Structure formats: structure tokens, C-alpha cells
Amino acid sequence: MSEQLNAIKLSNAQIAWRAAQDIEDGSYVNLGIGFPEMIAKFQPQGRDVVYHTENGVLGFGKAPPEGEEDWDLINAGKKAITLKPGSAFFHHADSFAMVRGGHLDLAVLGAYQVAETGDLANWSTGRGGVPAVGGAMDLVHGAKRVAVVTDHVTKTGEPKLVKHCTMPLTGVGCVTRIYTSLAVVDIDQGHFLLREKLAALSFDDLQALTGATLNIAGGISDLDTPKL
Amino acid sequence: MSEQLNAIKLSNAQIAWRAAQDIEDGSYVNLGIGFPEMIAKFQPQGRDVVYHTENGVLGFGKAPPEGEEDWDLINAGKKAITLKPGSAFFHHADSFAMVRGGHLDLAVLGAYQVAETGDLANWSTGRGGVPAVGGAMDLVHGAKRVAVVTDHVTKTGEPKLVKHCTMPLTGVGCVTRIYTSLAVVDIDQGHFLLREKLAALSFDDLQALTGATLNIAGGISDLDTPKL
Amino acid sequence: MDKTLSSLAEAVSGIGDGATIMIGGFGGSGAPIELIHALIDRGSRNLTVINNNAGNGHVGIAAMIEQNMISKMICSFPRSADPKVFTDLYLSGGIELDLVPQGTLAERIRAGGAGIPAFYTPTGFGTDLAVGKPIAEFEGRSYVQERWLKADFALIKAELGDPMGNLTYRMAARNFNPLMAMAAERTIAQVSSLVPLGEIDPESVVTPGIFVDGLVEISTPKQEEILNRRGARYPESAA
Amino acid sequence: MDKTLSSLAEAVSGIGDGATIMIGGFGGSGAPIELIHALIDRGSRNLTVINNNAGNGHVGIAAMIEQNMISKMICSFPRSADPKVFTDLYLSGGIELDLVPQGTLAERIRAGGAGIPAFYTPTGFGTDLAVGKPIAEFEGRSYVQERWLKADFALIKAELGDPMGNLTYRMAARNFNPLMAMAAERTIAQVSSLVPLGEIDPESVVTPGIFVDGLVEISTPKQEEILNRRGARYPESAA
């Protein structure tokens, strides 16, 4: 099924686009380093979203043109950013007070594995090397919604949505919604609740690619995105 | 002996003068509300002292002339102050981080009672009414030196330097030096250590006015102050 | 994004009976007098109020107590020569008091805003104000465990504000205001000057807008100390 | 009061072998490069260094590691593509690592500065980084107890400084610098502009001088990211 899957599955840009549709006007949002950062590109017109970065900036905008970077103005991924009117600087303790204190409306992170309990594993494969955690363990606590963007399965076809995480945990019971390359899945009281799936994929095929039961409540919508 | 005592004992201004002599150049100092505030008047020439007040000002100066007060610029005693060059404003949590975090060189407070263990009672007589503590319990912890300025005895002649405080405690084992109307006494490993006394008063008479043993190490100096 | 509110009445409209409210200010500085008086006009009852003091004179929090709106005060220094209304109510059992050392009060509010449910402090160890609280020893010294403080609403006073809620303060009127802004479900600021977005230097923002839900411009705010020196009362008919 | 130091060498002269040092900065922003390089010139060994990262490229903290000055790093994100020196040393047991979540690292440093020996945080609960730490439940949720972090020295970078040590910062170069200033026995700041007393608006001071022990003006400071993009090394002969 792998080839067929690759033909229908969403690109990262499409997953990011889908996640962006759920970000409400007036939200304060932290986008994790890497793939989640792409979501900002697809922010729907007319919605005002304030982006937070761990290293002490609120209200930043796009990357500056190459050659115009100020390297004292970066985000947590160490990429150069620009300021929008109404931005603010603050130190690291105030920055994580915003995170831990429940002031963010949404944090979006990547994942190695997400369990049906909402447990997230995204910081360490547990296979040795230099461990590095950054702000991931802080970000999964405090934001009103903690969402994940991810491929539905690993490169070798293993489910990333699982019953129990086998990799080292980032946080326990913290994820509220998962945007995958095949579906949108909520975490609801310790269970996966399927909200949307690609029309080209049957429920049974999706279930086969998922490591725990996909529950249904109130119908499944088509996961429909533009070509990106 | 009470009349004789009143004739020789130091005025509050003289106690404040004596305490001021020990404040080193370059010190950061918090003076408690009321009597301790008087110490600032007697700061020796040529010494640079930065005063801290709990409500978020560092580096304030004298009271403004009457009629020129700005009531957004006050100290913890709610009295109008002025700014000196190099002052800074900050919020209450940062202000008490300075206190609790050990950043002040000296805090000077008043006292109902001080025990030989360094325990201080200065916030409540324990006799009912509306209790009010303000910043006293915070100030006794953290400053490198915590000094007390006080009459040596109560208005009715009872010792204020005691073996155990009978009034509600402000802090345990926190006082390091006591400037009284009759003597300068250190707290040294759970004992009073007499450093200076009025020349006109015998050691025995002073001991009789003190509620715990006055120890001596290395001689007693005369407590000598200008007329104030 | 525009968090500007059209009136004081709108600003306090959500504050119902039984709410817990943090109110900024220290003595006469930094108190959001106009917001407090709007709340008196609204007439909410059975409120828990968190402030360093329990009011002075006959305006602001003192006037709330006089109007019998407050059932509990959480503060460090409720004693006041004038008015006696808190004293009389307290001694007759008509108002509850939770007395907290000033630095602990500030840190508990910050903890509420920062998602820290509990912390240890040397303050109060061995005193009556630590009775019943967990004690722990770290590196040979004893500390008291204190819990976070949160509120349903914070009413604060700031100097400059922009439509996103970024705030600066005026001198020692800063005090508890930035902390309370962090610790309430809904933070309402009265600002002395509402400025366009981008006019506050991002380096000088003291309270980033993420902590502020609504703001109302009061361009010549009343100052509690000055009101009290004039013998003002609120409502004026209360005299 | 004049806390100005005459040279970088004087600024780091007291930092002996075995010291614990907080070094400001996040990635390439806010790192006190000149102070770090002065410390490399001094050649102290067996240091414990607290920073968010474990250095990048071949300058700053990365150069300290290359010079074998650091025996232990306390940080949140020590991984780096270049250089491999931390990775190699760590994997061979040549350097100790205490990995701390970034927000917990910031809060532990603030706690050290604020006299809070321990606090509870949701961060890390149920993960490998909470193993062995006390757990407590508050209002039905589990939290990890974390301890304060203090240091013998803090080396920080600021924008403006006055002779009393009042500091401002430049954009996101603020990061850990103001926190570390609070948490060390002795805090040394390099400032890009030393201004006369009274030139920093008291409203805009980020780090009040009480937290600063010495400062040295480096009027055109090197920026770590820019150095690394140029492939710089320290000392230059290390290439």
C-alpha cells in the first residue's frame, strides 16, 4: 500500500495549510522549530495572529530578505525574523511564563509518536547521541490547545499514532489535536477521535495505518486541501 | 533608674546616626518604614549609598519640598520621594527578588523584641486589632546584614533584648546587629555580644536592663554620638 | 487586533457577584480608580479582592468596602487610620482577611501568572503566618511552601497602552500591576494614553499584550492619594 | 559609585579553575563574545558552564570546549552540527551534561536570583528528565519539583550600561542575560555603550544596577552568528 499512500498523502505544506485553517483570529501562537513554522505561511487572510517565540519576542513577522538579517533578532530556531507593529521583547523567564502560565492559545509541534492518551514523544529517539530538549517539554504544557503536525506513518511505514509511545516522552496527556498526512484526529478522553480523512482512503485502510483504535463521533469529514 | 536612664539614653536621631556610620560606601540598603528611615539623614559624607524601597524604586533621594510631591513616586511608607541619577523602576516581584535573593547589603528595621538567637518580633503585639505585616517578614531574610534600631527597653522599662520573644515573630534567627538607645549589640551564634555601650552606664546596669546575658569578646567601646 | 473597550461600564460588565479580583496599586499609587468606581456603579457583591492594602480614605477599595461589596481581602497591610470601616468590619467578623507577607504576595501572583503552582520561600518561616503550611529544608535552611494566586479578573492602571494591550507604567505606580496582569483569567487595564500600534518601543514594553484582554483610555486619571488629601468620597452622595 | 572595569582581562581575572559560570545568550544572539574570549585567554579550567546551548562554530562557548576548559555543561540544547567537539567529548565521557528543559532552565536561574530554593512545574512530568525528582500533586495535576540554579560568575552582554550597572539589552539578545545577572555571586557585563549616570530612563532599565558588579565597554561587539558565518576561530591560531 506504500506506493499508493505516497500518491495520495498530503505534503507537509498541505498539512501546514490544514492546521492554519484552525487558528482563530486574535490568537497567540507558538510554532515549533522546523515543519510547524511553515504554518505561518498559510495563515488565512483577515486573521490577526500574534506569534510567540521562546527566546523573547512576541509579534514577529516574516524572515527578512537575505543580506538584511539582524542576528540579534531571531526566533527559537535561530532564524532571522522581522518585527510587526505592536511587538515586544522580554527575557526568557517572562517568555516561559507565557508558555507555562496558559497564555498561549495554541502550540504546534512535530512528533515522533503520539499516543491515544495524548502523550507525545518528539525530542529523543532514545537511540543515543547528544540529547537535546530545548523548549519542547515546556511548550506541551500551558497552551490552551497543543496540536501536532506529522506524517501519519514513519518512513518505514510504522504508525506514528500509537497506543503507547515507545520513545522517550516529551509530555504526558498533552496533545489535543493531530494533523497528519492522511487525517485530522482529536484526542478525546484517552482515545483517538477521527474528525477528517482523505476521501481517497477508506476508514479500514486508515485504521490499518494507525496504532490504536480510531473512534468516530458525529461523522467524518473529507480532509480537503489545495494543491501545495 | 528610669529617670537617670532617660537623661543619658540616646535620642532616636542619635541611634540612627550611629547606625548610619556602619553603612559602607557602595551599599544597597533598605530602611524600614518609620524610625529606620531617619538613618538616611545621617549618611556620612563621601559615601555613596543606594536606597531600595519595596514598591519598586532603587536609587531614590530625599523627600521633595511640600507641594511638589508626585504621588506616583513614593516609598513603601507611602511618603513622596525624589529620584537620583541612576535610579530604576521595577515591579513588586523583581523588588522582592532583590530582597529575598540576597542582593541587599543591609536592611534596618524597628523592633518590639529581639532575642539572643536573632529572632525578631516587630509586626504584631499579638493583642488583637487588625494584623498587618507589609514587607517586614521578607526584609528579615536575604539582606546580607539585618540590623535593628530600637530603644533598649519599652516605655514601661521592660527589656526589648530578650532570651525568647514573647510577641509574634517576624523572623527566626535573622538579626545580626542591634543599635539601641544604650548600646550596640551583635548576635553571635545564639548570644548577645556587647560591642559598645554609653560610657555613663555601667556594664552591670546595662545587663540589668537586658533580658539575656550580654557576652563580651575583645572589649567594649564607648557608644559615642554627636548631640542630635 | 483591537482590545480597546468603549466604556468603563463595558470594561467591568463581566464582573459578577462572587468573583475574585486582583486590583493593582500600592497605597495611593497605581490604583485604577476609574475602573474601581465603575465596579462600584455596577454593584457586584461578595467579591474577594487581592491588593497590597485594604483601602485608604473613602475612594477606591475603601469605598468598595464601605459599599459592602467585599467579603474577603487578601493583602499584606490592611491597617489604616482612615477609614475605620475595614477595621470595624474585620473585628465584627463581617469581612474575611488572608494576611500575606508583601514579597510572598507578589511572588504568589507571579507564580499564578507563570504556571508555577507552588514554591518555597524563607519568608514567614517560624511565624504565625506559616502555620499549617508545608515546610521543607534545602541546604540546611528551612523554607515555607506557598501556593500560586490567580484571579477571575485583574483591574490595573497603566500609562501607555496600544490596541494590542502592550503597556508601560508610570514610576512607582508600576508595583503589582504587571504581575496581576499575568495572573487573571481576564485583565482589564485603564491607560492614561492610548497610542497607535507601533508607538511603544518593543524594548520598553513592560506588560506584553498577551497578558491583557481589554483596555480603556482614561486620559486624566484620578490619583488616590490626591483624592484622599481632598477628602473625596465615592459615590459622592456617600458623604 | 563606579562599577566600570578598565579591561576585559580585569573583568575575568577572578574566574579561577572549577568555577561555575552562567553565560548569557541564545544561539548566536546575546553572547558576550569578548568576555568569553578574555576568559579563554585567562585559561581557566574545569569550569561548569550554564547556557542554553553548548556553542556553535569555533568561537565563544564552542571555543571554550575546544580549549578543554569546560568539564560540565548545564543547558537545554547542546546539539550542534558544527562543531562536533561537544558531541565527541560527550560521547567519550570527556564532558558532563545536565540537560534541562529551556523554560525550567530559565525559571531555575530566576529562582536562584530571587531566593526561591525550589518550585514546582508541569514541565517534564512523566519524562526521563524528571527521574529522581520529587513529584507533588496540586489541584489534581502532577508537578515536578525543580531547584534553583546559582553561579559564582555571570558573564552577560548588554546594550547600554551606566556606571552603577543599570542595563538595557538589544532585541532578542536579551534572552537569559537579565536572569543570569540576578543569579551569580559576581556579574560582569560587557556593554556596547557606556553612558553617563542618568542617561538611561529609569522606566527603561531592564537590569537594575544592584544585580551588576562590574562592566566593561566593548563599543563594537562581535556577534556570534556573524563570526560563525565567516568561519571565525578563537584563538585565531587554533585554525
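Here the structure is a predicted model, which means the values were calculated and not measured. Lettering of chains follows the sequences in order, A, B, ..., and the numbering in each one begins at 1.
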Exercise. Relative to chain A, which of C:G165, C:G113, C:S204 shows the most heavy atom pairs under 4.5 Å?
Worked result: C:G113
May I ask you to check whether over 12 heavy atoms, not counting those of [X], lie within 6.0 Å of atom [atom1]?
{"X": "A:Q21", "atom1": "CD", "result": "yes"}
{"X": "A:E24", "atom1": "CD", "result": "no"}
{"X": "A:K41", "atom1": "NZ", "result": "no"}
{"X": "C:K222", "atom1": "NZ", "result": "no"}
{"X": "A:K62", "atom1": "NZ", "result": "no"}

Looking only at non-hydrogen atoms, find the nearest pair between [X] and [Y] and report the distance.
{"X": "C:N166", "Y": "A:A88", "answer": "OD1-CB, 4.0 Å"}
{"X": "A:R100", "Y": "C:A114", "answer": "NH1-O, 2.9 Å"}
{"X": "C:M182", "Y": "A:A97", "answer": "CE-CB, 3.6 Å"}
{"X": "A:L83", "Y": "C:P202", "answer": "CD1-CG, 4.1 Å"}
{"X": "C:M164", "Y": "A:Y28", "answer": "O-OH, 3.8 Å"}

Seminar exercise, completed: One should read off an interatomic distance between A:D94 CG and C:T207 OG1, to the nearest 0.5 angstrom, of 9.0 Å
Any side-chain heavy atom of [X] within less than 4.5 Å of one from [Y]?
{"X": "C:V205", "Y": "A:L58", "answer": "no"}
{"X": "A:P85", "Y": "C:E199", "answer": "no"}
{"X": "A:F90", "Y": "C:E203", "answer": "no"}

Problem set entry | C:K3, part contacting chain A, at a heavy-atom distance under 4.5 Å | side chain
For this session: Spell out, as yes or no, whether a donor-acceptor pair under 3.5 Å connects the side chain of C:D162 to the backbone of A:G86.
Result: no
